[in-house]
Amino acid sequence: MAELEERLSRPRDVLVDDLRKLDGDLLVLGAGGKLGPSLVRLALRGVAAAGTGARVIAVSRFSEPGLADALRGEGADVVEADIADDAALAALPQAANVVFLVGAKFGTSGREHATWATNTYLPGRVAQRFAGARLVALSTGNVYPLVPVASGGCVEQTPVAPVGEYAMSCLGRERIFTHFALHGDTPLALVRLNYAVEMRYGVLVDLARAVLAGEPIDLTMGHANIVWQGYANEVTLRALHHAATPPFVLNLTGPELVSVRQVATAIGARLGREPVLTGTEAPTALLSNAALCHQLFGYPDTSLGELVDQTAGWVADGLPLLGKPTGFQRRDGKF
C-alpha cells in the first residue's frame with residue numbers, strides 16, 4: 001500500500017517546474033475523495049521540490065478514519081469542513097490557486113436532487129467564494145455522447161450531449177463554473193477525465209474482479225478510455241497554468257482505445273482464469289480523444305500493459321480495494 005501511495009505521489013520534473021512558476025498557495029477542495037489524497041501528496045512533494053514555500057491546503061469532510069491526520073503529518077494544512085455549509089465555505093482560507101474535485105456519481109439514481117445540488121449548485125457558490133483565483137475544476141467525459149468506435153473519440157470541440165442525469169448535472173457544473181468565471185474574471189480550466197485507474201480502483205479493477213470471481217463481463221460497451229491516476233493528478237495540477245477566461249477545456253485520458261474483450265482476456269491469462277464474456281460490442285462507446293492533453297503535457301509514463309499486469313496481480317493477491325465499481329458499462333447514464 002505504501003509503495004502504491006509513493007508511486008502515485010512521485011512528482012516528475014515537469015510538474016516541479018510548473019509548481020515553481022505558480023504564485024500563491026494551493027487549495028484542494030474534495031481532498032478526501034478517490035483522487036484527492038494522492039493529488040494532495042503529489043502537490044506536497046512537488047512544492048517541496050520546487051522550494052516555493054507555498055501551502056497545500058486540503059479541504060474535505062474526511063470520512064475515511066485517519067486520513068486527515070495522515071495528510072496533516074505529511075505537511076498539508078488540513079481543514080475538516082463540509083463546504084456545502086455556507087459558514088464553512090466562507091471560513092475557508094483564501095488561496096490564489098484552487099482545485100475543485102468535489103462530485104457525486106455513485107448511488108445518484110433516486111437521489112437526483114442531491115446530485116444536482118453537489119454537481120451544479122455547489123460549484124456556483126465555490127466560484128463566487130474564490131472569484132479571481134486561478135481555478136481548475138474536474139469534470140468528466142460523460143458530458144459527451146456515445147460515438148462510433150472508429151471515430152477516435154470526442155475532441156474538446158465535439159458538441160456535448162450528456163446521457164442521464166449524472167452526466168447532465170456534470171455539464172451543469174461546467175456551465176455554472178463558466179458563468180461565474182466570466183462574470184468574476186476568474187481564470188478557469190475544465191478537465192474532462194475518463195477513466196482514472198490505479199490498483200485499488202477503476203475499469204481494470206472492475207474487470208479483474210469479475211474475471212477472478214467468474215462473473216460475466218458484458219461486452220456491449222466494448223471499448224473505453226483509461227489513464228494512470230498519477231498522470232491524471234499531474235495534469236490536473238499543471239492545468240492551473242492554462243486556466244483562462246473563456247475557460248480552457250481539456251480531455252484527460254490515455255492514448256489507447258481500450259478493448260474490453262482484449263483486456264479481460266489479458267487479465268484472464270495473468271490470473272489463470274478464462275473470462276466469461278457475454279454480449280457483442282456495440283458500434284458506439286463513451287470515448288474521448290486526448291491528443292491536446294498529450295501535446296501539452298506529454299504521454300502518461302505508465303503503459304496500458306503495465307497497468308493491466310499490476311492490477312491483475314494486486315487483485316489476485318487480495319490487496320485492499322476501494323470497493324467502488326466505475327459503472328463504465330452503463331449506456332443509459334444511470335449510476
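Position 1 is the first residue of the sequence, and the numbers go up from there.
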Using a 3.5 Å distance criterion without hydrogens, assess whether the side chain of [X] forms a donor-acceptor pair with backbone atoms of [Y].
X      : Y      : result
Asp25  : Arg55  : yes
Thr311 : Val308 : no
Trp228 : Leu304 : no
Asn97  : Asp23  : yes
His294 : Thr253 : yes
Ser169 : Gly172 : no
Thr115 : Arg111 : yes
Asn251 : Cys154 : yes
Asp317 : Leu319 : no
Asn119 : Ala104 : yes

[atom1]-[atom2] distance between [X] and [Y], expressed to the nearest 0.5 angstrom:
X      : Y      : atom1 : atom2 : value
Leu8   : Leu4   : CG    : CG    : 4.5 Å
Glu281 : His223 : CD    : NE2   : 6.0 Å
Glu256 : Ile226 : CD    : CD1   : 7.0 Å
Glu198 : Asn233 : CD    : CG    : 9.5 Å

Over all heavy atoms of both residues, which pair between [X] and [Y] is shortest? Give the atoms and the distance, please.
X      : Y      : value
Ala264 : Pro275 : O-CG, 3.7 Å
Gly153 : Val147 : CA-CG2, 4.2 Å
Arg173 : Pro123 : CG-CG, 3.7 Å
Ala58  : Ala76  : CB-CB, 4.4 Å
Ala96  : Gly24  : CB-CA, 4.0 Å
Leu15  : Arg238 : CD1-CG, 3.7 Å

Evaluate the criterion salt bridge (charged side-chain N to carboxylate O under 4.0 Å, His left out) for residue pair Glu5 and Arg200; output intermediate values, then yes/no.
-> CA-CA 11 Å; Glu5 291 289 357; Arg200 296 167 297 186; 2.9 Å; yes
When the ring centroid of His242 is compared with that of Phe297, is the distance short of 6.0 Å?
-> yes
Arg192 and side-chain contact (heavy atoms from CB on, under 4.5 Å): which partner among Thr140, Val143, Leu250?
-> Val143
Can you tell if the side chain of [X] reaches within under 4.5 Å of the side chain of [Y], non-hydrogen atoms only?
X      : Y      : value
Gln94  : Phe130 : yes
Thr52  : Leu19  : no
Leu42  : Arg10  : no
Leu190 : Thr178 : yes
Arg20  : Val47  : no
Thr302 : Arg7   : yes
Thr236 : Leu252 : yes
Leu92  : Leu29  : yes

Over-ring placement of Lys34 relative to Tyr201, 6.0 Å and 45° cut-offs = yes
For the hydrophobic clusters of this structure (ILVMFWY residues joined by side-chain heavy atoms under 4.5 Å, transitively), does one cluster hold both Val102 and Leu67?
-> no
Spell out, yes or no, whether Val205 and Val203 are grouped together once hydrophobic residues are joined by side-chain heavy atoms under 4.5 Å, including indirect joins.
-> yes
On the 0 to 90° scale, with breaks at 30° and 60°, tag the Tyr195-Phe328 ring pair as parallel, tilted or perpendicular.
-> perpendicular
Determine, for Glu80 against Arg61, whether the closest basic-nitrogen to carboxylate-oxygen distance falls under 4.0 angstrom.
-> no
Before giving the answer on ring-ring contact (aromatic ring centres under 6.0 Å, His included), spell out for His241 and Phe248 the whole-Å C-alpha distance, their side-chain angles and the decisive distance to 0.1 Å.
-> CA-CA 10 Å; His241 283 294; Phe248 170 72; over 10 Å; no
Testing Arg41, Arg45, Glu74 for side-chain hydrogen bond (donor to acceptor under 3.5 Å, both in side chains) with Ser9, which one passes?
-> Arg45
Could you walk me through whether Arg72 and Asp77 pass salt bridge (charged side-chain N to carboxylate O under 4.0 Å, His left out), step by step?
-> CA-CA 6 Å; Arg72 191 178 289 113; Asp77 286 23; over 6 Å; no
Worked verdict on Phe177 versus Phe100 for ring-ring contact (aromatic ring centres under 6.0 Å, His included) = CA-CA 11 Å; Phe177 264 130; Phe100 184 86; 5.1 Å; yes
